[in-house]
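Working notes, structure below.
Excluded from the calculations below are hydrogen atoms, water molecules and symmetry mates; all remaining heavy atoms, backbone and side chain alike, are included.
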Amino acid sequence: MQGRELRRDFDDAGKLVLRLTVGVLVLLHGIAKVRHGLGGMPGMLQQAGLPGVLAYGAYIGEVLAPLLMIAGAWTRVSALLVAINMLFAIGLAHAHQIFTLGPQGGWAIELQGLMLFGAVAVALLGAGRFSIGRLMRGDGVVD
């Protein structure tokens, strides 16, 4: 039985590391937007035929959602919000690079890909035991 508990601890620690990594990487971009504004995002959205006001959703997808993901509260929903945010970012600003390699041979949008697929993984895996969400519920159910 100890082996199973140890494996569970490792699984939950892995979920924590993934949540922290993706959450911090995305949050740093959000902090830059809070400090310096949205830049050309409203214009990019308008060029794509979408309302420019949707650019303010970046604050949800790059500040609020990563903070919740880092804490492990409403983790699956917050991770989905980050993934949607990254789909918009890739579609609007990086679509021309999707099938491109960078100068060192890596994927040209590897950071954006890491954030997108990391968020999808967090949404599928949930928070794990080392999360605020579990502590708030106290029922052992993990989101």
Side-chain angles (χ1 to χ4, degrees), residues 1-46 48 50-102 104-143:
M1 194 68 167
Q2 280 183 327
R4 183 175 288 160
E5 286 299 317
L6 185 59
R7 191 171 333 121
R8 183 174 174 206
D9 286 344
F10 283 141
D11 287 350
D12 289 321
K15 291 174 186 180
L16 173 64
V17 169
L18 181 61
R19 276 191 0 250
L20 293 176
T21 301
V22 174
V24 168
L25 288 175
V26 175
L27 180 61
L28 292 173
H29 287 265
I31 290 169
K33 285 180 179 65
V34 168
R35 295 179 68 203
H36 305 291
L38 295 169
M41 287 179 61
M44 283 192 286
L45 284 161
Q46 289 170 339
L50 298 167
V53 72
L54 287 179
Y56 290 97
Y59 293 123
I60 295 169
E62 294 183 24
V63 178
L64 178 62
L67 286 171
L68 290 171
M69 191 168 34
I70 289 166
W74 300 289
T75 306
R76 292 179 193 270
V77 172
S78 62
L80 283 174
L81 289 172
V82 168
I84 291 166
N85 182 79
M86 291 313 305
L87 287 172
F88 269 91
I90 291 169
L92 292 171
H94 302 285
H96 64 284
Q97 298 174 300
I98 290 176
F99 299 107
T100 305
L101 296 178
Q104 285 77 36
W107 190 22
I109 59 168
E110 58 192 16
L111 178 61
Q112 294 83 2
L114 174 66
M115 289 188 233
L116 169 61
F117 295 114
V120 169
V122 172
L124 292 171
L125 293 169
R129 288 188 302 148
F130 307 127
S131 66
I132 298 296
R134 179 172 186 257
L135 295 175
M136 289 183 341
R137 283 189 305 274
D139 58 4
V141 175
V142 178
D143 65 335

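Listed by chain and number, the residues in a side-chain contact (heavy atoms from CB on, under 4.5 Å) with L20 are L16, I70 (sequence neighbours excluded). For L54, the side-chain contact (heavy atoms from CB on, under 4.5 Å) criterion is met by L45, L50, P51, not counting sequence neighbours. For I84, the side-chain contact (heavy atoms from CB on, under 4.5 Å) criterion is met by F88, not counting sequence neighbours. For V120, the side-chain contact (heavy atoms from CB on, under 4.5 Å) criterion is met by A83, L116, L124, not counting sequence neighbours.
For residues 58-73, every residue pair satisfying the side-chain hydrogen bond (donor to acceptor under 3.5 Å, both in side chains) rule, not counting sequence neighbours, is listed here: K33-E62, E62-N85. Listed by first and then second residue, the side-chain hydrogen bond (donor to acceptor under 3.5 Å, both in side chains) pairs that reach into residues 108-118 are H94-Q112, sequence neighbours excluded.
To the nearest 0.5 angstrom, D11 atom CG is 12.0 Å from R4 atom CZ. Rounding to the nearest 0.5 Å places CG of L25 at 6.0 Å from CG of L111. The CE atom of M115 lies 10.5 Å from the CD1 atom of I109; values are rounded to the nearest 0.5 Å. We find the CH2-CE distance between W74 and M69 to be 15.0 Å, quoted to the nearest 0.5 Å.
The shortest heavy-atom contact between G128 and D12 is CA-OD1, 3.3 Å. The shortest heavy-atom contact between P66 and G23 is CB-O, 3.4 Å. The minimum heavy-atom distance between Q46 and G52, with the atom names listed, is CG-N, 3.7 Å. Shortest non-hydrogen contact noted between A119 and A79 is O-CB, 3.3 Å. Considering every non-hydrogen atom in both W107 and Q97, the closest pair reads NE1-O, 4.0 Å.
When atom types are taken as modelled, the side chain of S131 and the backbone of A127 share no donor-acceptor pair closer than 3.5 angstrom. Looking at S78, its side chain does come within 3.5 Å of a backbone N or O of T75 through a donor-acceptor pair.
Screening R76, K15, R19 against L125 for a side-chain contact (heavy atoms from CB on, under 4.5 Å) leaves a single residue, K15.
The side-chain heavy atoms of V63 and I31, taken from C-beta on, include no pair separated by under 4.5 Å. In this structure, L38 and M44 have side chains that are not in contact, with every pair of non-hydrogen atoms separated by 4.5 Å or more.
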